[in-house]
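Worksheet: one structure, shown below.
Each residue takes its place number in the sequence, starting with 1. The basis for the numbers below is simple: all heavy atoms, side chains too, and nothing from hydrogens, waters or symmetry mates. Note that the coordinates shown come from a computational prediction; the quantities given were computed from them, not determined experimentally.
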Amino acid sequence: MELGEKIKALRNAKLMTQSELAGNEITRNMLSRIENGAAQPSLDTLKYIATKLNVSAGYLLAEASDEQMYMKYNDINSIKTAYLTGDFHICRDICLKSASIADDEVQLILAECTKEIAIEEFNRGNLHRACEYFDLALESCAGTIYNTTYLSSICAMYFKYMRYISATLSSNCIDETDVPTYAAMNDAFCQYAGAFLEWKSESREGELFVFEDKKSQYRTHLLALDHMEQGDYRGAYDYLHSILVSEEQIPEPMMYFIFCDLEVCCKEISDFKGAYEYSIDKIELLQKMLS
């Protein structure tokens, strides 16, 4: 692509008129001649145009073989800024629109920010959307040469947790039962989910993993499960109820299991009214999460 064609393409992509790009530095007529190849810009004019288009002057002058490098350089800074500030939706949009979408680094960041969006949807109880985003993250993992074992393990652990809620909440990309989840154990929720699913397993061996962070609601739920196993349903109820009244944000799928456990505890301590109320809470939350 010639210099003038490149300037025109970038201007159109940014929805800028010739007058807007020309500004007060050059005339619209001169810009038109540059875009049509009838004139060559001076170095100062080239720098001005590049600044207005938010690209480097080197990119405008690059040969076709170097163009991809400049395009990635321009995209990757915006992508990294959005990711580091937690703007995962914006980060994902930039990645998808990037001219460097096939680049390994862009694909890795795309996988990471898509996974974060999936977790946001999970926490809000939008479980089918969470599944969609986890699968999209896994697809991006397959598009990069970088090691994505950690990311894939996190996705697999969330799928395992959701499948315990409903068999319909499964991955279209992986069989989560075949993916080792040890790499995800640095993630707090995955630590909790692994211990929780182990407690629910009929073949469980050994003691439950207990979080060192005594303020963690994940730890509180696991302690409640431990008291339930020992037959101390009153003690378990107290732990579970403390989660309900805490100010900490609890993922809605976790809240569903807390309602389930509270229903069991209430039945065991003959609080049948409480058992009925938690049963209703459980059913209503389940319907919301699967809608």
Side-chain angles (χ1 to χ4, degrees), residues 119 122-125 127 130 134 153-170 176-177 179-290:
I119 292 174
F122 172 88
N123 289 340
R124 296 189 188 107
L127 299 190
F134 278 124
S153 296
I154 288 179
C155 293
M157 182 58 79
Y158 274 88
F159 273 121
K160 285 183 178 181
Y161 192 85
M162 287 189 289
R163 275 182 68 88
Y164 205 83
I165 295 174
S166 171
T168 64
L169 302 171
S170 59
E176 58 271 15
T177 61
V179 177
T181 52
Y182 64 87
M185 288 301 105
N186 286 331
D187 178 87
F189 176 81
C190 290
Q191 289 180 8
Y192 154 76
F196 172 81
L197 294 173
E198 181 70 13
W199 187 86
K200 294 292 185 179
S201 171
E202 294 181 358
S203 59
R204 181 169 73 85
E205 297 180 1
E207 297 181 355
L208 280 174
F209 174 85
V210 177
F211 284 76
E212 293 182 3
D213 182 1
K214 294 184 179 181
K215 296 182 180 179
S216 169
Q217 300 302 338
Y218 299 146
R219 178 182 186 272
T220 303
H221 191 197
L222 295 178
L223 288 172
L225 295 177
D226 191 47
H227 278 261
M228 289 175 70
E229 186 172 52
Q230 297 173 30
D232 179 14
Y233 292 99
R234 171 59 67 182
Y237 176 90
D238 291 340
Y239 276 119
L240 293 167
H241 189 263
S242 72
I243 297 175
L244 292 186
V245 299
S246 73
E247 296 182 356
E248 185 177 336
Q249 285 292 106
I250 306 298
E252 290 206 356
M254 176 179 170
M255 189 63 72
Y256 167 75
F257 287 120
I258 290 171
F259 286 147
C260 292
D261 294 334
L262 280 166
E263 180 187 1
V264 171
C265 289
C266 285
K267 287 179 179 177
E268 293 293 333
I269 61 177
S270 301
D271 179 4
F272 299 111
K273 179 181 178 182
Y276 173 76
E277 291 174 347
Y278 288 124
S279 173
I280 296 299
D281 291 335
K282 173 190 71 176
I283 293 170
E284 289 179 347
L285 182 54
L286 180 62
Q287 290 175 338
K288 173 184 175 294
M289 293 192 298
L290 298 182

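- Under the rule for a ring pair (Phe, Tyr, Trp, His ring centres under 6.0 Å), the partners of Tyr237 that lie at least two apart in sequence or sit in another chain are His241.
- Shown here for Tyr161 and Met254, the closest heavy-atom pair between the two residues is OH-CA, 3.3 Å.
- The aromatic rings of Tyr239 and His227 sit tilted relative to each other, their planes meeting at an angle between 30° and 60°.
- Residues Asp226 and Gln230 have side chains that bring a donor and an acceptor to within less than 3.5 angstrom of each other.
- Ring pair Phe257/Phe196 is tilted by interplanar angle, where 30° to 60° counts as tilted.
- Using cut-offs of 30° and 60° on the angle between ring planes, the pair Phe122 and Tyr158 is perpendicular.
- You'll find the side chain of Phe134 reaches within 4.5 Å of the side chain of Ile119, heavy atoms only.
- In this structure the side chain of Trp199 reaches within 4.5 angstrom of the side chain of Glu229, judged on heavy atoms.
- Ala236 and Cys265 get closest at one heavy-atom pair: CB-SG, 3.8 Å.
- Lys288 and Glu252 are joined by a salt bridge, as a carboxylate oxygen and a charged side-chain nitrogen come within less than 4.0 angstrom of each other.
- Tested against Lys282, the residues Glu277, Glu263, Gln287 include a single side chain to side chain donor-acceptor pair (under 3.5 Å) partner, Glu263.
- Looking at heavy atoms from C-beta onward, Tyr278 lies in side-chain contact with Cys266 at the 4.5 angstrom threshold.
- Tyr164 and Tyr256 share no donor-acceptor pair across their side chains, judged by distance under 3.5 Å alone.
- Annotation: Gln249, atom CD; neighbour count of heavy atoms from other residues, nucleotides and ligands within 6.0 Å does not exceed 12.
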